[in-house]
Protein chains: 10
Amino acid sequence: MLFAVRMSVALPPDMDEDVQADILTREKTYSQDLQNRGEWQQIWRCVGQYSNLSIFDVADNERLHSILWNLPLFPYLDIEVTPLARHPSRVSAS
Amino acid sequence: MLFAVRMSVALPPDMDEDVQADILTREKTYSQDLQNRGEWQQIWRCVGQYSNLSIFDVADNERLHSILWNLPLFPYLDIEVTPLARHPSRVSAS
Amino acid sequence: MLFAVRMSVALPPDMDEDVQADILTREKTYSQDLQNRGEWQQIWRCVGQYSNLSIFDVADNERLHSILWNLPLFPYLDIEVTPLARHPSRVSAS
Amino acid sequence: MLFAVRMSVALPPDMDEDVQADILTREKTYSQDLQNRGEWQQIWRCVGQYSNLSIFDVADNERLHSILWNLPLFPYLDIEVTPLARHPSRVSAS
Amino acid sequence: MLFAVRMSVALPPDMDEDVQADILTREKTYSQDLQNRGEWQQIWRCVGQYSNLSIFDVADNERLHSILWNLPLFPYLDIEVTPLARHPSRVSAS
Amino acid sequence: MLFAVRMSVALPPDMDEDVQADILTREKTYSQDLQNRGEWQQIWRCVGQYSNLSIFDVADNERLHSILWNLPLFPYLDIEVTPLARHPSRVSAS
Amino acid sequence: MLFAVRMSVALPPDMDEDVQADILTREKTYSQDLQNRGEWQQIWRCVGQYSNLSIFDVADNERLHSILWNLPLFPYLDIEVTPLARHPSRVSAS
Amino acid sequence: MLFAVRMSVALPPDMDEDVQADILTREKTYSQDLQNRGEWQQIWRCVGQYSNLSIFDVADNERLHSILWNLPLFPYLDIEVTPLARHPSRVSAS
Amino acid sequence: MLFAVRMSVALPPDMDEDVQADILTREKTYSQDLQNRGEWQQIWRCVGQYSNLSIFDVADNERLHSILWNLPLFPYLDIEVTPLARHPSRVSAS
Amino acid sequence: MLFAVRMSVALPPDMDEDVQADILTREKTYSQDLQNRGEWQQIWRCVGQYSNLSIFDVADNERLHSILWNLPLFPYLDIEVTPLARHPSRVSAS
């Protein structure tokens with residue numbers, strides 16, 4: 001089941017640099033594990049923004065919430081979730 | 001070069017049914033041609049909306065504008081364009 | 001899988017009365033069939049508005065989209081979809 | 001009398017962890033007491049958000065305000081209240 | 001139980017003058033009946049707007065919805081409903 | 001001359017408790033003095049919000065500004081002012 | 001008593017030209033009468049917009065509403081009203 | 001050349017009182033110098049707001065920007081600029 | 001004196017094709033005359049939109065308003081005007 | 001390939017003055033290097049705002065993102081990106 005998710009990051013300006021580096025390292029590992037499993041299908045940077053557009057393929061709403069809630073950056077994210085369905089104009093091969 | 005494009009359709013409530021059917025047929029053909037060429041990479045329906053989220057992979061801004069401007073549904077579309085770049089957390093294989 | 005859906009109705013001011021009555025009758029039948037099946041769990045009127053707040057319990061995103069897209073009132077609806085998950089404070093019995 | 005209430009939580013990034021844990025424990029107890037009494041009928045997590053959608057069944061506006069004002073998390077909540085009424089399409093059994 | 005209600009009127013520019021005059025006459029009678037009963041406690045014109053701010057004192061949400069839904073101008077109204085409660089700073093006499 | 005005024009309070013999360021208690025005490029006294037004089041005609045709590053809806057009956061714009069500017073809570077308020085006029089549907093007795 | 005008023009005009013695209021010319025002529029006469037009386041103190045065109053920013057000096061809210069409500073263009077206007085007061089930094093002579 | 005400028009002030013809640021008093025004194029002197037020169041033609045307080053509506057008469061865009069950028073309160077201001085032109089309904093004498 | 005102007009076009013869906021073609025031809029001629037004179041310095045299409053971003057270099061506000069007001073497409077345009085000034089980081093040669 | 005970029009600066013009110021001066025110096029050098037290379041074609045100050053409107057001419061989305069992400073002021077910027085295309089009314093010489 002597919003969802004488009006837009007995540008925008010807002011780190012506090014006075015955040016400790018080591019704390020920040022640690023969160024970002026854990027965020028990257030967390031994201032790549034889910035990419036390797038196939039649940040986090042796509043991730044793109046939005047040009048000029050500290051934000052990404054991602055496509056998730058998950059079993060259900062519970063699983064998507066669990067993934068997003070446990071993001072190391074979650075407390076600093078503004079998140080928009082758009083449930084997706086098959087489009088009738090989509091060509092079969094893709 | 002990748003772009004996310006969200007298109008929302010608003011057909012006039014009194015549109016002639018044959019005119020509408022013709023536009024929708026041409027829109028589907030137009031979209032599928034571009035999907036087959038690889039420029040219109042992805043198209044999903046947004047759940048509960050008469051709108052889609054699409055990913056385009058085009059040579060440049062001019063090409064993207066030309067594609068969107070010539071959509072048979074263009075006069076009835078509200079379009080949002082988001083330029084995309086590679087995300088540093090993306091795993092290499094995908 | 002649960003979703004909250006808010007639907008707001010905007011009928012054209014010059015709509016033919018018989019056409020309107022027919023759509024509303026079909027809408028009610030359509031809604032009640034889905035309520036009886038258990039997929040449309042709840043429907044409330046929002047006070048002072050021509051809109052409702054509904055809870056759907058469906059198999060997946062595809063099924064929710066199919067239900068909403070086929071609403072007789074769909075061309076006249078503004079729809080907001082919110083995917084829901086279990087809340088950690090929810091008491092077990094409810 | 002039914003109300004839909006959406007509550008979004010925004011904790012200060014530098015909140016003391018013990019203070020936070022204490023508030024969250026008290027919030028959960030407070031919510032579950034009201035759920036057990038039947039006034040807080042439903043609570044769902046909104047996917048990907050630190051927010052919930054709840055349904056309250058209370059005697060009147062005063063009671064709803066008293067419940068919300070005394071939430072341990074109240075100073076950190078953005079709250080939207082929607083009064084609900086019976087929908088004419090609702091099937092009798094539900 | 002008190003509610004503040006803001007109603008903004010948007011009549012179609014090509015509305016038949018007799019139809020309009022009839023609706024406005026019925027709206028006034030309808031409003032004054034409810035004022036005389038005490039349910040429509042206050043009505044003020046918002047300066048420079050075709051809109052009013054009203055205070056209703058009704059038994060419950062169902063009654064408020066029934067009053068608003070049956071306004072002769074309802075199809076042409078944009079309505080905002082704000083449930084009110086007693087304010088702790090209110091002096092007892094007022 | 002009547003005005004509707006909506007005031008929303010946002011106290012800094014780290015405000016000293018004694019300072020806060022002092023401001024709130026002075027705010028209440030200030031409000032009740034103006035209520036007793038008849039200039040602050042009505043004050044209601046908006047359900048679920050740290051905000052109020054008030055009706056002022058003042059000599060002119062200068063007087064209203066002077067009242068609002070000198071509210072002890074003024075630095076923490078978001079204020080919306082709506083000038084009101086007599087509504088043509090208002091019944092004479094009220 | 002001073003008010004800033006911003007009026008934005010939206011004429012229906014299919015308005016009869018004679019009707020339009022008549023309304024605009026009456027609007028100009030109406031405005032100039034009030035300017036000559038001193039109640040409509042200032043009127044400026046907002047650059048690139050079919051809208052104006054005006055300053056009114058009127059006896060009270062009732063008078064301002066009466067002036068605006070009777071504008072020949074009123075049914076086609078979106079109006080914003082801002083009550084003004086003396087600014088403490090204003091130099092005495094102006 | 002005329003411009004309407006709306007300035008809204010937001011001072012940090014923990015600003016040092018002497019610093020604040022000094023800025024406000026310099027702001028007043030700065031504003032009054034420009035009023036005396038005729039470039040800052042009008043300044044009104046917006047009722048109930050820590051904001052003003054002003055009319056500037058300046059040589060060009062560069063001059064307006066220079067005036068606004070050098071306001072002692074500039075770092076704490078939200079500023080909206082509206083270029084103005086002569087209105088065709090304006091009476092000649094005013 | 002420089003201004004950025006964003007113009008978005010919304011033609012009525014039922015506009016006569018000849019009328020539309022005539023307006024668009026006149027719009028193009030009008031625009032190119034002003035480009036040749038140097039007052040309409042730049043015009044770009046916004047990708048995927050029926051809108052443009054333009055830079056004007058004009059004598060004053062009156063001139064800019066006169067240019068925009070007389071655009072053949074003016075009744076169908078939504079226009080945003082942003083006055084520009086020299087940026088301190090701009091290199092001298094450009 | 002052209003992009004319009006609007007950057008709005010919001011520096012924390014308690015930023016160390018030396019840190020701020022250093023960032024602003026580096027920002028200016030960074031911007032002027034890119035102007036000299038021809039990638040940052042234009043930069044204008046928006047009148048009365050701590051923001052600029054810029055035109056970039058870059059190879060692709062990746063290059064634009066890299067430029068913006070590495071701005072010394074990036075953590076303090078709100079950025080809007082608008083992809084541009086050739087306008088059909090543009091005269092050939094400009």
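Because the structure is predicted, anything quoted here is derived from the model rather than measured. Each chain gets a letter, A, B and so on, in the order its sequence line appears, and its residues count up from 1.
Annotation: side chain of H:Met1 is in contact with side chain of I:Met1 (closest heavy-atom distance under 4.5 Å).
H:Gln20 CD: more than 12 foreign heavy atoms inside a 6.0 Å radius.
Atom CG in I:Asn61 sits 8.0 Å away from atom CG in H:Leu2 (nearest 0.5 Å).
Counting heavy-atom pairs under 4.5 Å between each of I:Glu62, I:Arg63, I:Arg86 and chain H puts I:Glu62 at the top. Taking chain I as the reference chain and counting heavy-atom pairs below 4.5 Å, the highest number among H:Ser66, H:Ala59, H:Pro83 is found for H:Pro83.
Contact annotation for H:Leu64: neither backbone nor side-chain heavy atoms come within less than 4.5 Å of a heavy atom of chain I.
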